[in-house]
Each structure stands twice: as C-alpha cells, then as structure tokens.
Amino acid sequence: MIEKYSSCLEKKEEKRERLLPPLENAEEGKVVMRFAPNPNGPPTLGSARGIVINGEYVKMYDGKFILRFDDTDPRTKRPVLEAYDWYIEDTEWLGYEPDEIIYASKRIGIYYKYAKELIELGGAYVCFCKQEEFKKLRDAGIECLHRNKSIEDNLEDWESMLEGKFKEGEAVLRIKTDMKHPDPAIRDWVAFRIIYESHPLVGDSYFVYPTLDFESAIEDKLCETTHILRGKDLADSERRQRYIYTYFGWAYPITKLWGRINVYEFGKLSTSGIKREIEAGKYKGWDDPKLPTVRALRRRGIEAEAIRRFFLSLGIGENEVWVSMKNLYAENRKIIDEKASRYFFIWDPVEVEIEKLPEERKIKLPLSPSGGERFLKGENKVLITRDDFEKFKGQVVRLKDFCNVLLEKKAKFLSFEIGNVKKGRIIHWIPLSEAVPCKVLGEVEAEGFCEKNVGRDVGKVVQFERFAFCKIENANSEVLAIYTHQ
RNA sequence: GCUCCGGUGGUGUAGCCCGGUCAAUCAUACGGGCCUUUCGAGCCCGUGACCCGGGUUCAAAUCCCGGCCGGAGCACCA
C-alpha cells in the first residue's frame, strides 16, 4: 500500500514538474479540501493563492475540491451578491473546477441543530455578559455567571435567542473551552451572535448568525474535509474549533498554515482596502488593470498558468513574504512570449517624410517567434516615436525591415538593404496611411498610433515592440490596449 | 502585556523532521558577454545567503538553550 502510494506520487510529480511537498497522511483519491472565502469582493491575488494551493493539492491526490462561502456576517464583512459568481468564475478560470459549492448562509439552520446538541452535551452556553465585561473576565481567567447554568436553562435561553427575544448584543452562545487557557484568545469564544440585518443572499431568514469558527468547524466535518490549508491569521481557529470536535468526538482535519503574502507593488492585499479606494475614485472598478484582483490580472493578459506557477514557486512557508509582481510577470512572459504577435506602436509620434524614396514597397515583417508574417506599406510618410527622433536626429537609422535613412523631419533615403547599421539603431515605425490611434491603459499608460494589423488580435496579448506586452481590448476606430508588462 | 509561529543571497525558494555527500538548490533581480533587423526572448558567465551567542558532537544551515529581529492572534470580522 505504501509502496503503491509513493510510486504513484513520484509519477505525478514527474508529470507536473512541480514541487509542492507531500501532504501529511494524504491518500490518493481520498483527499477533500476546501477554499473558503467571504465573498465581500472579487478574488484578489491573495485569494488566488488559496485557490491554487488547495486546488493543486486536490489535483495531486485526485481528491475533492469544495468552494465554500463563509458568508455569515451580513454587516461587518457584508458579502457582495455578485461576488459569489466572481469567485466561481475566477476559480474555474484559474483551472480548478469546484466539485461542490457551499453557501454557509443557506445552511445556518443546520448549524442550529449542532449548537443545540452542543448545549445538551454541556459544551456551550448562552452568555448575557456585555462584551467589555466578558473581556475583562476572560483576561483575568474568571468564569462568568452564565457559564454554569443548567443545560435546561441554556436550552431555554437558546430557544429564546432563536425566537428573537433578545436585542443585538444582549446574548451570545459561547463554546465552553477553558477560562484558564494560557492563550486568552481561546477562552470561551463566541459561536453565535444576534445581528438584525438582512443578508444579501438569504435575506431575513436568520438573525442569529454563527461566527466563522463555528460555521467552519461544522462544515469541515459535514464535508469530511481531510486537510485544511489556510493563512496563519487563522492559526487560533484550529485550537478553538478543536473543542467542538472533542465534544462531539470527531477527528480534526490535518491543518497547514501559510504566512501572509505582501506584494511590493501593492502592499498588503485587503479586499476592504481596495473597496475603499474604488469608492474614493482611485480605481475605476474591481477590474481596473492597476489592481491585483484576479479579474484585473486576467483583463490585462496575465495567464492562469502564470499565476499558478507563481504561487507554486512561493511555496507554503509560514513566514510572511514580500514578493514582487516582477516574478509573476516573468512567469507570464515565458508563456506568452512565444505566441504573442509583434506589432509596432508609436507613442508620442513624430511624422517623418522620407525624401527620394525610390518606390513604395510592401514590407514583410515577422509576426511572432512561433512564425507568421504581417505586412506594412513602405511609403514616404512614417511615424516614429519622439524618443527615437530626438536621440538619432542627424544620424543613420534603420526603419526595421524597411530602409535606412538619415534621420531628419525630412529624412534622406539611403538604402533598402540594412548594410552595416548596428543593433540599437534599428527603430520601429508605421506608415502614416496605416496608422490607427491607440491608447494604452494600466500600470503604464501611453497614447499614440499602432499599425492597423493589430485589429486581428482583439482579445489577445500582443507585444508592441520596444514598448511592452499589451492585451488588445478592442480595435474599432481607436485601439484600446491594456498594459500587461514589459 | 499574553499566546503562538517564523528567521537561508536584493527577493522568493530547496535543504532542516532522519546532523557529514551543503565551500548550500532553483527561480527572479542585478552586472558582463554572445546571438537576434525589438531596449523582448534565447544562450553563456558572474555577483550574492545559512540572524547572533553559547552548548551537544569527531562533525551543525540542520539538534538543544538564550538573545535579537519579524509576523500573526488576543472582535458578538473573515
């Protein structure tokens, strides 16, 4: 059995060429993992890590992948209705089709049953302490008055909670842990609280909402989750939730944590932070190409495979990492370079007239490293960028694949052959008659003209030579391109 | 303050559990060269790291202790 398992693993690793460390106690075909976001915005690069790592392990062991929405706070972390689909969409786009999708908010009724059982087991009690009062007691390690009520009283109070007899903040259901636990964060934590607020998904169905720790503890059991991979910020969750598992006699899944990820270019990735900046007008929306959301990255032409490799290379260490988008770009470049069509884009254009051009020619240029060709009209009026014009004015340059000229506003034609023009003196150009206005938006923005051939690659990433890779978003009277990366 | 967790080149990572084969892997970044009718890609070369101090041991990046530094949690948020 063990032999079978390890040889199987080796094969997989060879095939996938990647190196996630084996999961503890993982059995081929029996692994169940979940990615559990709160849909209060679209997935960011941070969420993508959870999707990729969990999804990748599931693939590695041919297991089951669950997408679960931990959406049990209609107020503080209020879910956004559209975001549910955004998560599904982006998860699939990243290459991990969920085997099952769970909406915690739709299953609150189920959690009530477990809460009741827990009370009957003496593992939970309804507490009427004010929040600050309890905090003081907790820090001092002192049990509150409500902790030792009879099970009957607790059941009755719980019913009253569910019937709406209490106001917000008046009563909560606490899990009985250990008021002397060395870590105060573990002591008698809240499992249910009262929130009279309509939920974006389930409306007014409930007003007694479970906290993440309760909901997650029950769901992980119901779904038979075998392995939990989550951020280090949730480290205490395991210690809290274990109390529930102990009361019920369940076995807790194997957990592994990873540290927080920071991207140089964006700092800490926080959905609520981005939301505020969008509202403040700093960004145009969740898919603003300057944003590190999955949809924005997709829009600008980052491939799912690049994101996958990027996170795999980051590994799953427990320390906080500071990583640069350059690493993601490098992965992406490796994928797109080969297939991206090459086009000329002239930013900040200068019109140059070539005097004494002997004839107009149809100029053939390579389309991409993997082959193909494109054509430009070699005529006597061309656009080049001001940068090149200023730099090479009065000197000999070659208009790539077209001709050599002595560069001036009225340039002198020298030859069609390249002669001995050196590297670095070959510049890009567009015939005036085939120039289409073009705007580049995103991390780098520019305006100018590109060749009309670009129209063939709408929706694709192209390389504007000597500029950058860009994704052509549309090409009507004007070309709109989203800056991908260099 | 209390409780956890971590510290390998600029950045990320492998190795640490089961000490030697580690004068430490790979990627990215940076520098140089080659090639190419792109300042992209490719190829080659180079720079560059085991937090500090003790201990155990013939031998420590790897084990133990202490320190320092960093992070997380301590919500009726997730």
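Chain letters run A, B, ... following the sequence lines, proteins first and then strands; every chain starts at 1. Here the structure is a predicted model, which is why all the values come from computation and not from measurement.
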Please classify the nucleic acid contact of [X] as base, sugar-phosphate, or nothing, using heavy-atom distances under 4.0 Å.
{"X": "A:Val172", "value": "base"}
{"X": "A:Ser216", "value": "nothing"}
{"X": "A:Asn404", "value": "nothing"}
{"X": "A:Thr211", "value": "sugar-phosphate"}
{"X": "A:Gly259", "value": "nothing"}
{"X": "A:Leu314", "value": "sugar-phosphate"}
{"X": "A:Asp401", "value": "base"}
{"X": "A:Leu234", "value": "base"}

Rounded interatomic separation in angstrom, taking CG from A:Asn319 and C1' from B:rU13: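 Distance, rounded to whole Å: 10 Å.
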
Distance in angstrom units between A:Arg34 CZ and B:rA78 P, rounded: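 So the CZ-P distance, A:Arg34 to B:rA78, works out to 14 Å.
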
Tabulate atom names and distances for all N/O pairs under 3.5 angstrom spanning the protein and nucleotides 1-3 of chain B.
from	atom 1	to	atom 2	distance (Å)
B:rC2	O2'	A:Pro182	O	3.3
B:rU3	O2'	A:Asp183	OD2	3.3

Residue pair A:Leu201, A:Asp71: steps toward the side chain to side chain contact (heavy atoms under 4.5 Å, CB included) verdict: CA-CA 9 Å; A:Leu201 193 65; A:Asp71 57 347; 3.9 Å; yes

Pair listing, salt bridge (charged side-chain N to carboxylate O under 4.0 Å, His left out) test, anchored in residues 183-192 of chain A, at least two apart: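 Of all non-adjacent pairs touching residues 183-192 of chain A, those that pass salt bridge (charged side-chain N to carboxylate O under 4.0 Å, His left out) are A:Arg147-A:Asp188, A:Asp183-A:Arg239.
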
Residues within residues 129-138 of chain A bordering RNA chain B, heavy-atom distance below 4.0 Å: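 RNA chain B contact set from residues 129-138 of chain A: A:Cys129, A:Gln131, A:Lys135, A:Arg138.
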
Parallel, tilted or perpendicular: rings of A:Tyr264 and A:Trp322 (30°, 60°): tilted

Distances under 3.5 Å only, N/O to N/O: pair up the protein atoms with those of nucleotides 40-44 of chain B.
from	atom 1	to	atom 2	distance (Å)
B:rG40	O2'	A:Gln463	NE2	3.4
B:rA41	OP1	A:Arg333	NE	3.2
B:rA41	O4'	A:Asp337	OD2	3.4
B:rA41	O2'	A:Asp337	OD2	3.1

Test side-chain contact (heavy atoms from CB on, under 4.5 Å) applied to A:Thr91 and A:Ile101, A:Val294, A:Ile51, the passing residue: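 When side-chain contact (heavy atoms from CB on, under 4.5 Å) is applied between A:Thr91 and each of A:Ile101, A:Val294, A:Ile51, only A:Ile51 qualifies.
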
Proximity to the side chain of A:Glu318 - top-ranked nucleotide from B:rG12, B:rC5, B:rU8: B:rC5

A:Asp233 vs A:Glu168, nearer the 5' end of RNA chain B by closest nucleotide: A:Asp233

Residue met sooner reading RNA chain B from 5', once A:Ile426 and A:Asp213 are mapped to nucleotides: A:Ile426

I'd like a table of donor-acceptor pairs (distance under 3.5 Å, sequence neighbours excluded) in which one partner is a side-chain atom from residues 334-342 of chain A, with atom names and distances.
from	atom 1	to	atom 2	distance (Å)
A:Asp337	OD1	A:Arg342	NH2	2.7
A:Lys339	NZ	A:Glu303	OE2	3.2
A:Ser341	OG	A:Asp457	OD2	2.8
A:Arg342	NE	A:Gln463	OE1	2.9
A:Arg342	NH1	A:Asp337	O	2.8
A:Arg342	NH1	A:Ala340	O	2.8

Strand RNA chain B as a dot-bracket string - pairs counted if Watson-Crick or G-U with both distances under 3.5 Å, | where the partner lies in another strand: (((((((..(((.......[.....)))((((((.......))))))...(((((..]....))))))))))))....

